[in-house]
Asks: 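The structure that follows is given in the form of structure tokens.
Computed from a predicted structure; not experimentally measured. Only this structure's heavy atoms are used, side chains among them; waters, hydrogens and symmetry mates stay out.
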Amino acid sequence: MADGQGTDSDFRRIFGIETEYGLSLTGTSGPYAAGRVAMAMFRPLIEKHGSTNIYLPNGARLYLDVGSHPEYATAEARDPLTALTQVLAGERIMTDLAEHAVRYLSENLGRPVEVHVFANNVDAQGHAFGCHENYLLDRRVPLDMIGACLVPFLVTRQLITGAGRLSPDGFQLSQRADFLDEAVSSATTRARPMVNTRDEPLADPERWRRLHVIVGDTNRSPLATWFKMASTHLVLNLVEQACRQGRRPDLADWALADPGAAVRAVSRDRTGRVNLELEASTKTSGISALGLQEAYWSACKALVDQQEDIGIDRSQALHALQIWRIALDALDAGRWQDLADWVDWAAKLRLLQGLSRRGAGRDLAQALDLDYHDLSAGRSYPGLVGHGLMRSPVDDSEVERAMDQSPKDTRARLRGDFVRAADGGTRTWSCDWSHLVLGGSRRVEVDLPDPFDHLGPSRYRSLMDFLKSASEPRA
């Protein structure tokens, strides 16, 4: 697939993913607090920057979140493929930090240890942590339309994008489903919603809102990560198009009567046959989870057929529709095994069934379930990759490049270049997503309000000229 170049169409969008990681340590005689492991991981950053919250030359943010969870927030991307590459770069960065921690802790504890970094969403004690998708959305879309039109898609999307979980109730498609309470709300911890409405667009608030989707699992499969962004983009296009035209989106007919009950029911039925009650009284018989996904696929297919410009490279949209169709057909025919080369829950279930056939008990099954998500010391997922059993739309060279290079067609380019230049100088500096500060006797502040702007205002260019001249040796 070709990289999306982005357009100035009505459908242009910014994509990003924030991923929280779980931590543990093995090789010690007793329990070792996750906070101490986290501090060992972040030790190189603390020594260099004096902080556990930094922005990187690739435009991303790396920080230690509440609960000793390392978190990586990707730089702004204008298409799902670029966003995916940034996600995978974050995994590599986390793995590198884990390797530093292993060396440091082994030396200080006087014995070999292993640091485990889990790209999952629930720990052994039942604590949940998130994978948050961010989509820049037209401000004209009312939040009630998100609940009516997008939430049913997100609830049933787990048929394809669920990471799989061996729960006390048996195998489930989703790791997040049991921890979600509401469809759309401003809460994040007291009552977890599927879509968070905190209004922090990091862009022109009169034109945009940042849609914060927290229902999704953390995927190991790169293709699943890419697909959930590409398909969600197409669904959002449908909603935006209707709202701009001043009409009620057709997708609102599929509003769920009880999204919380529905997301848990879908998670427990990998056939997709579970019947979901709809809010509209004209559809009292409801619809199956698979039927809802069919409806969304048909609507998105019609949009792509009718619209020349859909905000991302057309090849990405067509590929998303193609693998979506193949997945729905496989599920409809009961051939979930056909999806095991890119759908995480199917890949994991195939491994678990293989373990069961060899007579392994539940303890080994639970260990494999966790090992699948272990970035730094896991063996099961890398084994699948090593045998060519998992698909990815990007290659290693692109991921390696994204560890240091920001996307070139968004605001991330400006931030990344500033971080690289300022970090090599002698003056104090700081930044966030939309603001840069160079300290010292000549303090300079630059606002970057437009996430699509990759050239920067004149004030930014003057700042970068000054940083460049200050770093050059004098004759």
Side-chain angles (χ1 to χ4, degrees), residues 3-6 12-21 42 45 48-49 51-65 70-97 131-136 200-204 208 210 212 222 225-226 229 312 394 397-425 429-438 445-457 459-461 463-464 467-468:
D3 283 0
Q5 299 303 308
R12 66 178 182 160
R13 197 174 313 287
I14 293 292
F15 300 81
I17 290 186
E18 306 162 33
T19 307
E20 297 175 300
Y21 295 94
F42 276 72
L45 305 181
K48 182 176 181 180
H49 302 283
S51 176
T52 58
N53 178 10
I54 65 169
Y55 286 83
L56 302 173
N58 70 352
R61 181 187 176 200
L62 174 64
Y63 55 106
L64 197 56
D65 202 9
E71 184 159 347
Y72 180 87
T74 66
E76 302 92 327
R78 289 190 68 166
D79 69 278
L81 198 59
T82 304
L84 166 64
T85 308
Q86 285 280 314
V87 171
L88 298 178
E91 291 186 356
R92 298 280 181 90
I93 290 169
M94 285 294 173
T95 302
D96 287 349
L97 290 175
C131 174
H132 300 174
E133 301 159 55
N134 293 281
Y135 304 92
L136 204 64
E200 189 182 8
L202 303 175
D204 182 349
W208 308 102
R210 180 168 60 100
H212 202 56
T225 298
W226 172 82
M229 289 187 283
I312 61 174
V394 297
S397 64
E398 294 173 289
V399 177
E400 288 288 338
R401 186 162 54 251
M403 292 176 68
D404 186 62
Q405 298 295 319
S406 59
K408 299 303 181 187
D409 53 1
T410 70
R411 176 174 60 195
R413 176 183 184 176
L414 310 179
R415 184 188 317 108
D417 288 350
F418 169 77
V419 169
R420 184 176 291 103
D423 203 31
W429 61 273
S430 64
C431 70
D432 59 25
W433 295 109
S434 58
H435 191 64
L436 311 176
V437 177
L438 185 67
E445 298 188 38
V446 177
D447 288 320
L448 304 174
D450 185 355
F452 295 98
D453 180 11
H454 62 283
L455 298 176
R459 187 172 177 81
Y460 170 82
R461 294 192 292 273
L463 170 62
M464 293 303 293
L467 279 172
K468 182 180 178 181

Asks: Ring-plane angle category for Phe418 and Trp429, please: parallel below 30°, perpendicular beyond 60°, tilted otherwise.
Replies: perpendicular

Asks: Are Asp65 and Tyr21 side-chain neighbours, meaning at least one heavy-atom pair lies under 4.5 Å?
Replies: no

Asks: Do you see a donor-acceptor pair shorter than 3.5 Å between the side chains of Asn58 and Arg401?
Replies: no

Asks: Stepwise, does the side-chain contact (heavy atoms from CB on, under 4.5 Å) test hold for His49 with Asp423?
Replies: CA-CA 9 Å; His49 302 283; Asp423 203 31; 3.6 Å; yes

Asks: Are side-chain N/O atoms of Asp447 and His435 paired as donor and acceptor at under 3.5 Å?
Replies: yes

Asks: Side chain to side chain contact (heavy atoms under 4.5 Å, CB included) with Ser430: which residues, sequence neighbours excluded?
Replies: Val437

Asks: Considering only NZ, NE, NH1 and NH2 on the basic side and carboxylate oxygens on the acidic side, decide whether Glu445 and Arg459 come within less than 4.0 Å.
Replies: no

Asks: Looking at residues at least two apart in the chain, or sitting in another chain, which of them share a side chain to side chain contact (heavy atoms under 4.5 Å, CB included) with Asp417?
Replies: Arg413, Arg420, Tyr460, Met464

Asks: Do Glu400 and Arg92 touch side chain to side chain, with heavy atoms closer than 4.5 Å?
Replies: yes

Asks: Apply side-chain contact (heavy atoms from CB on, under 4.5 Å) to the pair Val419 and Ile54, showing each step before the final yes or no.
Replies: CA-CA 10 Å; Val419 169; Ile54 65 169; over 6 Å; no

Asks: Restricting to non-hydrogen atoms, name the atom on Pro80 and the atom on Met229 that form the minimum distance, rounded to 0.1 Å.
Replies: O-CE, 3.5 Å

Asks: Is there a side-chain contact between Glu18 and His212 in this structure, where contact means two heavy atoms from C-beta onward sitting under 4.5 Å apart?
Replies: yes

Asks: Could you walk me through whether Tyr55 and Trp433 pass side-chain contact (heavy atoms from CB on, under 4.5 Å), step by step?
Replies: CA-CA 9 Å; Tyr55 286 83; Trp433 295 109; 3.5 Å; yes

Asks: If we only count heavy atoms from C-beta on, is the Ile312 to Phe15 side-chain gap below 4.5 Å?
Replies: yes

Asks: Do any N or O atoms from the side chain of Arg210 and from the backbone of Tyr135 form a donor-acceptor pair under 3.5 angstrom?
Replies: no

Asks: Is it true that a side-chain atom of Arg411 and a backbone atom of Leu448 form a donor plus acceptor pair closer than 3.5 Å?
Replies: yes

Asks: Are the charged groups of Asp79 and Arg13 less than 4.0 angstrom apart, N to O?
Replies: no

Asks: Can you list the residues that meet the salt bridge (Lys or Arg N to Asp or Glu O under 4.0 Å) rule with Glu71, with sequence neighbours excluded?
Replies: none

Asks: Looking at Pro451 and Pro449, what are the two nearest heavy atoms and their distance?
Replies: CD-O, 3.4 Å

Asks: With side-chain contact (heavy atoms from CB on, under 4.5 Å) as the test, would you mind laying out the steps for Thr410 and Phe452 before giving the verdict?
Replies: CA-CA 5 Å; Thr410 70; Phe452 295 98; 6.0 Å; no

Asks: State whether the side chain of Thr74 and the backbone N or O of Ile17 hold a donor-acceptor pair below 3.5 Å, judged by distance alone.
Replies: yes

